[in-house]
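Note that the structure is a prediction, hence the values are computed from the model and not measured. Convention: sequence-line order gives letters A, B, ...; per-chain numbering from 1.
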Amino acid sequence: MSDDLLRLSGAALAERLAAGDTSSVEATQAHLDRIAAVDGDVHAFLHVDAEGALAQAADVDRRRASGATLHRLAGVPIAVKDVVATAGLPTTAGSRLLAGWVPPYDATLITRLRAAGLPILGKTNMDEFAMGSSTEHSAFGPSHNPWDLDRTPGGSGGGSAAAVAAFEAPLAIGTDTGGSIRQPAAVTGTVGVKPTYGGVSRYGLIALASSLDQAGPVTRTVLDAAMLHELIGGHDPLDSTSIDAPVPALVDAVRDADVRGLRVGVVRELGGEGYQPGVRSRFDEAVGLLADAGAEVVEVSCPHFDYALAAYYLILPSEASSNLARFDAMRYGLRVVPETGAAGGVPSAEDVMLATRAAGFGAEAKRRIILGTYALSSGYYDAYYGSAQKVRTLISRDFEQAFTRVDVLVSPTAPTTAFRLGEKLDDPLAMYLNDVATIPANLAGVPGLSLPSGLAEEDGLPTALQVLAPATADDRLYRVGGALETMLLDRWAGPLLDRAPALTAQPQQVPA
Amino acid sequence: MSEPTAALTPADVAHLAGLARIDLTPAELDHLAPQLSVIVESVARVSEVADDEVPPTSHPLPVTNVFRDDVVRPGLSAEEALAAAPSVEQDRFSVPQILGEEA
């Protein structure tokens with residue numbers, strides 16, 4: 001019974017809850033038990049809030065019993081990336097600097113989850129301040145890919161993707177600055193969506209790069225992503241960049257799932273060299289299915305996408321070096337006081353800052369902060385940051401041009417399947433290449449969805465396809481995603497995750 | 001500091017780390033300098049296509065100033081705001097000395 005509850009999609013679990021076939025307490029407990037059994041191996045969670053989740057679940061069950069009108073996802077438990085502020089729950093962003101920090105307020109998306117009655121199971125692991133593609137830059141140890149525990153679940157939101165892939169949660173929240181929702185989805189055989197920039201409030205997200213950051217759903221099905229996206233999306237007066245317009249009808253788009261006559265552009269620059277053969281063959285097959293279903297498939301060139309990675313690794317570090325300046329050891333977070341100041345004698349505030357940030361930031365955070373400081377320094381500003389901003393314009397123009405010819409663009413989400421832990425840890429450029437296909441969407445603010453496209457023949461690991469749409473046309477992602485998912489499930493005769501190896505339950509193991 | 005150069009020395013990195021208020025060890029400087037040089041060399045290619053005709057983009061979607069009505073609304077209490085502070089004194093954040101020691 002409880003294993004059965006674990007493998008349900010969020011939408012299917014919601015139906016059972018509405019029908020009275022199970023309770024939120026029962027479903028939440030089943031997921032907590034699963035976390036206790038497998039998270040010692042997977043390490044998707046940094047913090048589990050059994051008490052809070054069960055209290056929220058009991059409250060939903062009571063309200064349902066009293067006949068109250070509830071949100072359609074009421075009672076469905078959820079995991080939240082640790083970069084999202086949760087009042088009363090530790091929020092570390094994977095950093096030693098914030099170990100044990102408990103925010104005094106909720107992010108807007110958390111306020112919406114709580115109001116809709118989704119029990120929050122806990123906070124998921126991530127690369128420090130969302131800087132990374134593997135979770136190996138978490139100060140609290142990496143997460144492991146449920147498909148192969150020796151491999152990474154991607155990053156930065158590898159914890160949320162692994163939690164969903166390991167059936168520790170039906171739904172999760174991620175954030176995507178350059179691919180941190182979509183790339184982990186790709187390598188764990190799950191679904192992830194980066195909404196249009198401004199589509200989901202950034203209020204209460206610990207900022208990495210404010211012009212790129214966007215929160216979104218992490219799920220096992222396209223329908224679940226649509227339901228969660230509709231719940232957390234929409235205008236928020238607390239975020240000045242929030243789009244003041246209704247969220248498109250995403251759930252309807254999934255259910256409609258009609259791609260006849262839809263113009264689909266395959267991005268020439270996001271494929272070919274550097275993409276693993278199995279990733280390419282599964283991608284080509286999926287595009288073939290779209291054509292079979294009546295979509296018009298053409299090849300489209302976006303020539304400046306070749307410069308996206310370079311522009312991103314100037315813009316992101318620049319914004320990050322500025323955003324992370326707030327961690328100054330004065331108002332919250334870690335404070336390390338050196339024995340003496342630089343000039344001898346009592347340490348000054350500056351001495352304390354230098355020592356705290358040295359002890360608190362990990363290697364990748366230091367790399368990017370220093371890179372950003374360099375790119376913004378006078379004399380280099382125009383050549384680096386200024387040029388990167390121009391490339392950003394050129395990439396947006398490429399998208400605009402492409403969307404005059406096609407309704408959506410498609411590409412592989414990530415160039416390879418999941419890589420091994422340690423493989424790219426001290427090779428920053430190799431690590432950065434994981435996001436080569438996801439970054440253009442962040443630079444231009446357009447939405448992107450990743451869904452599984454199959455398993456690569458050479459290693460048996462998940463591959464994925466990405467759909468990109470014009471800004472605020474997020475519904476197109478779900479139309480294509482819904483249609484393709486239906487065809488692929490039919491082809492596979494069941495969900496891809498059914499082929500993942502079973503994780504060994506360890507009843508004694510308690511998550512760290 | 002005029003023309004961009006790809007190679008960053010440990011001394012350059014030490015200077016930048018100082019600006020960023022991060023105290024790096026000599027070992028970290030030696031490790032980071034060549035890594036950052038490789039990254040900088042790689043990202044410098046943005047200048048290949050960034051000519052004078054192209055306007056910069058700082059934000060993906062058009063941004064307008066956002067106002068709200070000038071009315072009082074509840075914020076954090078002093079207790080809530082100070083709850084995570086490393087050090088508190090008289091209902092305020094207590095910080096190390098900011099000025100020199102001559103006082």
Side-chain angles (χ1 to χ4, degrees), chain A residues 101-102 104-105 197-198 211 237 240-241 243 304 307 310-311 313-314 321 328-335 337 345-355 357-358 361 366-367 369-371 373-374 377-380 383-384 386-394 396 428-429 443-445 471, chain B residues 1-4 8 12-13 16-25 28 31-32 35-36 38-40 42-61 63-66 68 76-77 79-87 93-101:
Chain A
W101 181 59
V102 179
Y105 70 104
Y197 181 83
S211 78
S240 67
T241 58
I243 295 171
H304 299 98
Y307 295 89
Y313 277 100
L314 286 163
S321 69
D328 59 6
M330 298 300 138
R331 294 151 299 159
Y332 58 99
L334 184 70
R335 177 182 288 181
V337 182
V346 181
S348 66
E350 191 170 326
D351 294 324
V352 170
M353 255 181 246
L354 282 160
R357 290 161 64 83
F361 286 127
K366 288 174 180 172
R367 262 195 295 266
I369 289 171
I370 290 168
L371 186 60
T373 305
Y374 178 67
S377 50
S378 76
Y380 295 122
Y384 290 122
S387 297
Q389 286 189 307
K390 291 181 177 186
V391 170
R392 196 168 183 178
T393 305
L394 296 171
S396 293
L429 275 186
L443 290 172
Chain B
M1 287 198 170
S2 53
E3 282 301 297
L8 283 171
D12 294 333
V13 177
L16 293 165
L19 294 174
R21 301 292 185 273
I22 302 174
D23 205 3
L24 295 181
T25 63
E28 282 180 304
H31 190 68
L32 273 172
Q35 280 186 341
L36 288 169
V38 170
I39 297 170
V40 166
S42 166
V43 297
R45 63 192 300 259
V46 289
S47 59
E48 290 170 18
V49 286
D51 61 42
D52 292 344
E53 321 275 283
V54 183
T57 296
S58 62
H59 200 273
L61 301 175
V63 187
T64 51
N65 211 349
V66 177
R68 70 169 173 89
L76 297 178
S77 66
E79 197 186 332
E80 285 169 326
L82 294 168
S87 178
F93 296 104
S94 170
V95 303
Q97 66 172 15
I98 292 164
L99 301 174
E101 271 189 275

Minimum heavy-atom distance A:Ala383-B:Ser47, with the two atoms named: O-CB, 4.4 Å

Sort out for me which of B:Val54, B:Leu24, B:Val66 touches chain A most, counting heavy-atom pairs under 4.5 Å. B:Val54

Name the region of B:Ala83, side chain, backbone, both or neither, that has any atom closer than 4.5 Å to a heavy atom of chain A. neither

With side-chain contact (heavy atoms from CB on, under 4.5 Å) as the criterion, how do A:Val346 and B:Gln97 come out once you've worked through the C-alpha distance, each side chain's angles and the decisive distance to 0.1 Å? CA-CA 8 Å; A:Val346 181; B:Gln97 66 172 15; 4.2 Å; yes

Check whether A:Ser321 gets within reach of chain B through its side chain, its backbone, both or neither, counting any heavy atom under 4.5 Å. neither

Apply side-chain contact (heavy atoms from CB on, under 4.5 Å) to B:Leu61 and list each qualifying residue two or more places apart in sequence or on a separate chain. A:Thr196, A:Tyr197, A:Ile243, A:Ala471

Please give me the minimum heavy-atom distance between B:Pro86 and A:Arg331, naming the atom from each residue. CD-C, 3.8 Å

Can you find a pair of side-chain heavy atoms, one from B:Ile22 and one from A:Leu354, that are under 4.5 Å apart? no

Flag the one option from A:Leu371, A:Leu443, A:Asp351 with the top tally of heavy-atom pairs under 4.5 Å to chain B. A:Leu371

Validation row: B:Asp23, A:Arg357 side chains within 4.5 angstrom (heavy atoms): no

Examine whether an atom of B:Ser94 lies under 4.5 Å from a heavy atom of chain A, and if so say whether it belongs to the side chain, the backbone or both; otherwise answer neither. backbone

For the student: nearest non-hydrogen atoms of A:Val352 and B:Pro96, plus distance: CG2-CG, 3.5 Å

Given B:Ala50, B:Ser58, B:Pro60, the one with more heavy-atom pairs under 4.5 angstrom with chain A than any other is B:Pro60

Among B:Arg68, B:His31, B:His59, which residue forms the greatest number of heavy-atom pairs with chain A at distances under 4.5 Å? B:His59

First locate atom CG of B:Leu32, then atom NZ of A:Lys366, and finally report the distance between them rounded to the nearest 0.5 Å. 8.0 Å

Rounded to the nearest 0.5 Å, what's the gap from CZ on A:Arg367 to CD on B:Glu28? Could you check? 10.5 Å

Quick one: of B:Leu19, B:Thr25, B:Ile39, B:Leu76, who has the most non-hydrogen atom pairs under 4.5 Å with chain A? B:Ile39

Apply ring pair (Phe, Tyr, Trp, His ring centres under 6.0 Å) to A:Tyr105 and list each qualifying residue two or more places apart in sequence or on a separate chain. A:Tyr203

CE of A:Met353 to CZ of B:Arg21, rounded to nearest 0.5 Å, is 7.0 Å

Which bit of B:Asp51 is near chain A, if near means a heavy-atom gap under 4.5 Å: side chain, backbone, both or neither? backbone

Steps toward side-chain contact (heavy atoms from CB on, under 4.5 Å) verdict (B:Val13, A:Ile370): CA-CA 7 Å; B:Val13 177; A:Ile370 290 168; 4.3 Å; yes

Whatever's closer than 4.5 Å to a heavy atom in chain B on A:Pro237 counts as neither

Using the rule side-chain contact (heavy atoms from CB on, under 4.5 Å), only one of A:Lys390, A:Arg392, A:Gln389 pairs with B:Thr57; which is it? A:Arg392

Take A:Arg335 and B:Val95 through the test side-chain contact (heavy atoms from CB on, under 4.5 Å) and record every step on the way to the result. CA-CA 10 Å; A:Arg335 177 182 288 181; B:Val95 303; 4.2 Å; yes

Residues A:Ala311 and B:Val46: closest non-hydrogen pair is N-CG1, 3.5 Å

Test side-chain contact (heavy atoms from CB on, under 4.5 Å) on A:Tyr374 and B:Leu36; report intermediate values, then the result. CA-CA 10 Å; A:Tyr374 178 67; B:Leu36 288 169; over 6 Å; no

Portion of A:Ser348 that has a non-hydrogen atom of chain B nearer than 4.5 angstrom: both

Looking at A:Thr393 and B:Pro56, what are the two nearest heavy atoms and their distance? OG1-C, 3.4 Å

Counting heavy-atom pairs closer than 4.5 Å to chain B, which one of A:Gly445, A:Ser211, A:Gly386 comes out on top? A:Ser211

For chain B, find which of A:Tyr307, A:Trp101, A:Tyr313 contributes the most heavy-atom pairs closer than 4.5 angstrom. A:Tyr307

Heavy-atom closest contact (A:Tyr384 atom, B:Val40 atom, distance): OH-CG1, 3.2 Å

